Protein chains: 2
Amino acid sequence: MKILIAEDEITLQESIIKFLNRDAHICETASDYYEAISKVSIYEYDLILLDINLITGNGLDLLKLIKKEGKKIPVIIISANNSLDDKVEGLDLGADDYLTKPFHLTELNSRIKAVMRRGKYDGDSNISFNEIKIKTDAMQAYVNEKPIQLTKKEYDLLVYFITNKNRVLSKEVIAEHLWGDNIDTVDSFDFIYVHINHLRKKLTDVAANYIRTVYRIGYKFMDEDM
Amino acid sequence: MKILIAEDEITLQESIIKFLNRDAHICETASDYYEAISKVSIYEYDLILLDINLITGNGLDLLKLIKKEGKKIPVIIISANNSLDDKVEGLDLGADDYLTKPFHLTELNSRIKAVMRRGKYDGDSNISFNEIKIKTDAMQAYVNEKPIQLTKKEYDLLVYFITNKNRVLSKEVIAEHLWGDNIDTVDSFDFIYVHINHLRKKLTDVAANYIRTVYRIGYKFMDEDM
DNA sequence: AAGAATCTTAAGTTACTCTTAAGTACCTCT
DNA sequence: AGAGGTACTTAAGAGTAACTTAAGATTCTT
């Protein structure tokens with residue numbers, strides 16, 4: 001799960017990241033309003049954690065912006081003041097949940113899970129593509145009803161492919177989504193090849209062909225006849 | 001047993017917690033209507049203690065909400081006024097029992113036990129998974145009909161695993177369910193390893209394999225061929 | 001208050017995944 | 001067809017996560 005944390009209190013930022021990393025989420029941060037706007041418009045996040053009291057601007061404006069652009073990214077608002085007005089306004093603008101500082105990190109964690117649960121997969125916790133099926137609850141993938149053993153990265157990669165089927169995904173975009181933005185200092189994305197290789201091997205026979213190489217561009221997850 | 005106490009009288013809240021903690025229940029609190037709704041939607045409780053005279057809203061509405069969502073969580077209603085109407089309405093809405101303030105804590109305790117006994121596992125107070133059987137009222141686990149000696153934490157862990165079989169549970173989630181929400185200040189969940197270790201040792205042979213490690217994620221309680 | 005049982009901390013060990021690196025195969029364009 | 005770049009494959013090392021033990025704290029019992 002790739003999460004943007006728009007929060008200017010560095011200590012809070014850090015402890016959130018530390019905690020969420022333990023659940024193997026990819027976290028990126030924006031310390032001010034403008035950075036947040038910029039990152040949201042450039043990258044794809046699965047969730048945004050938005051402090052509405054950012055020094056450089058009003059978080060609610062950012063929320064408006066996101067929703068105006070028709071993006072369906074779930075947003076959880078963080079606020080220092082317990083004002084009911086803020087809460088109501090935030091939820092009216094389309095925020096998915098609301099947290100008041102100070103909060104427990106486990107609380108945050110559960111809300112993230114709840115939001116993701118009801119948001120993304122439309123109540124159905126299974127994803128499938130032809131003979132491939134993924135039970136997200138169990139984090140278990142199947143090919144023709146046979147379970148296949150995937151590592152975390154392989155699993156993430158497969159989920160990312162299937163939820164973005166028929167789209168060409170560059171190595172950079174994939175890396176960005178699975179590793180986060182501290183990866184752009186890296187000068188080679190060759191390690192992607194290894195994970196692709198592993199995943200292909202584990203998706204036996206037919207299913208392996210779904211991962212098509214688009215030469216010089218990236219990969220596309222698709223059916224034979226598309 | 002994880003219990004939510006929706007009660008805005010702080011002193012009563014505290015004495016209930018103090019009392020229930022002696023029975024090794026995990027208690028969490030909600031001091032207003034909104035907090036209660038939020039917590040119920042996020043966390044999984046084994047029981048809710050609901051004061052219907054919360055300042056910020058009507059407890060009966062909350063009860064309606066819970067039952068409407070099809071949740072099977074047992075609810076015990078607490079009320080200050082002895083109005084029969086409230087009582088009847090509460091029980092009609094699906095509350096499992098009803099207490100009028102002031103009440104003795106021992107009274108509360110026995111009602112909790114009664115509700116749990118008849119409520120939780122479909123009238124059957126036994127939980128089982130293949131060769132594992134648990135008699136919840138005796139808090140006794142068996143493997144192949146042979147009783148095994150578990151400590152409280154080991155027992156809780158096993159029950160949590162079996163009632164959440166086939167789901168990946170992170171160390172954090174497990175810790176939260178077994179230790180309550182004051183554990184997020186902790187910066188290491190390594191102690192979980194120890195309890196897992198003990199439980200595995202006590203679930204002899206085959207049964208021990210049901211607790212699968214999901215590397216970098218957590219644990220999953222499941223059968224061989226899933 | 002002492003003893004027993006349980007839980008937590010800590011440190012050493014083992015095992016797993018991810019990444020790196022280097023060699024090979026493939027594609028495209030001239 | 002050959003050059004140059006791009007993708008694939010494999011194996012090994014680094015780093016991290018999980019496991020195991022035992023001893024130090026607690027908590028519970030008597």
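First the proteins, then the strands, lettered A, B, ... as listed; each starts at 1. Keep in mind that this is a model prediction, so the values were computed, not measured.
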### Task
Would you kindly compare B:Val214 and B:His198 by the position of their nearest DNA chain D nucleotide and give the one closer to the 5′ end?
B:Val214
### Candidates C:dC7, D:dT9, D:dA18 - which lies nearest the side chain of B:Lys152
C:dC7
### Query
If only side-chain N and O atoms of B:Lys171 are considered, is one of them under 4.0 Å from the OP1 or OP2 phosphate oxygen of D:dA18?
yes
### Task
Write down the distance between CD1 (B:Ile211) and P (D:dT20), rounded to a whole number of angstrom.
11 Å
### Message
Does a side-chain N or O of A:Ser188 approach OP1 or OP2 of C:dT20 to a distance below 4.0 Å, or not?
### Response
no
### Candidates A:Glu28, A:Lys39, A:His177 - the one meeting side chain to side chain donor-acceptor pair (under 3.5 Å) with A:Tyr45
A:Glu28
### Task
Answer yes when A:Lys2 and A:Glu44 have at least one side-chain N-carboxylate O distance shorter than 4.0 Å, and no when they do not.
no
### Message
Reading DNA chain C from 5' onward, which residue's closest nucleotide shows up sooner: B:Tyr215 or B:His195?
### Response
B:His195
### Query
Over how many whole Å does the gap from A:Tyr155 atom OH to C:dT17 atom P extend?
16 Å
### Query
Considering only D:dA7, C:dC7, D:dC19, which nucleotide approaches the side chain of B:Thr151 most closely?
C:dC7
### Check: B:His195 ring centre within less than 6.0 Å of B:Trp179 ring centre
yes
### Message
Both B:Ile192 and B:Leu150 contact DNA chain C. Which one's nearest nucleotide lies toward the 5' end?
### Response
B:Leu150
### Message
Without decimals, in angstroms, what is the distance between A:Leu199 CG and D:dT9 P?
### Response
12 Å
### Query
Can you check whether A:Asn197 has a side-chain N or O nearer than 4.0 Å to OP1 or OP2 of D:dT9?
yes
### Short side-chain N/O contact from B:Lys201 to OP1 or OP2 of D:dT21, under 4.0 Å
yes
### Message
As a test of understanding, state which of A:Leu158, A:Thr151, A:Asn197 forms a side chain to side chain contact (heavy atoms under 4.5 Å, CB included) with A:Lys202.
### Response
A:Thr151
### Query
Is the base of D:dC8 touched by the side chain of A:Tyr193 through a donor-acceptor pair closer than 3.5 angstrom?
no
### Task
For the residue pair A:Ile174 and A:Tyr219, establish whether any side-chain heavy-atom pair is separated by less than 4.5 Å.
yes
### Task
Select one nucleotide: of D:dT6, C:dT8, C:dT17, the one nearest the side-chain heavy atoms of B:Arg216.
C:dT17
### Query
When the distance from CZ of B:Arg200 to P of D:dT20 is rounded to whole Å, what number comes out?
7 Å
### Task
Just call it for B:Tyr219: base, sugar-phosphate, or nothing, with non-hydrogen atoms closer than 4.0 Å on any strand.
sugar-phosphate
### For atom CZ of B:Phe189 and atom P of C:dT8, their distance in whole Å
12 Å
### Query
Nearest-Å distance, CD1 (A:Ile217) to P (D:dA7)?
9 Å
### Query
To the nearest angstrom, how far is A:Ile196 atom CD1 from C:dT19 atom P?
13 Å
### Query
Has A:Trp179 got a side-chain N or O lying under 4.0 Å from the OP1 or OP2 atom of C:dT19?
yes
### Query
Rounded to whole angstrom units, what separation is found between the NZ atom of B:Lys202 and the P atom of C:dT6?
7 Å
### Message
Looking at A:Glu7 and A:Glu9, would you say the former's side chain and the latter's main chain have a donor-acceptor pair under 3.5 Å?
### Response
yes
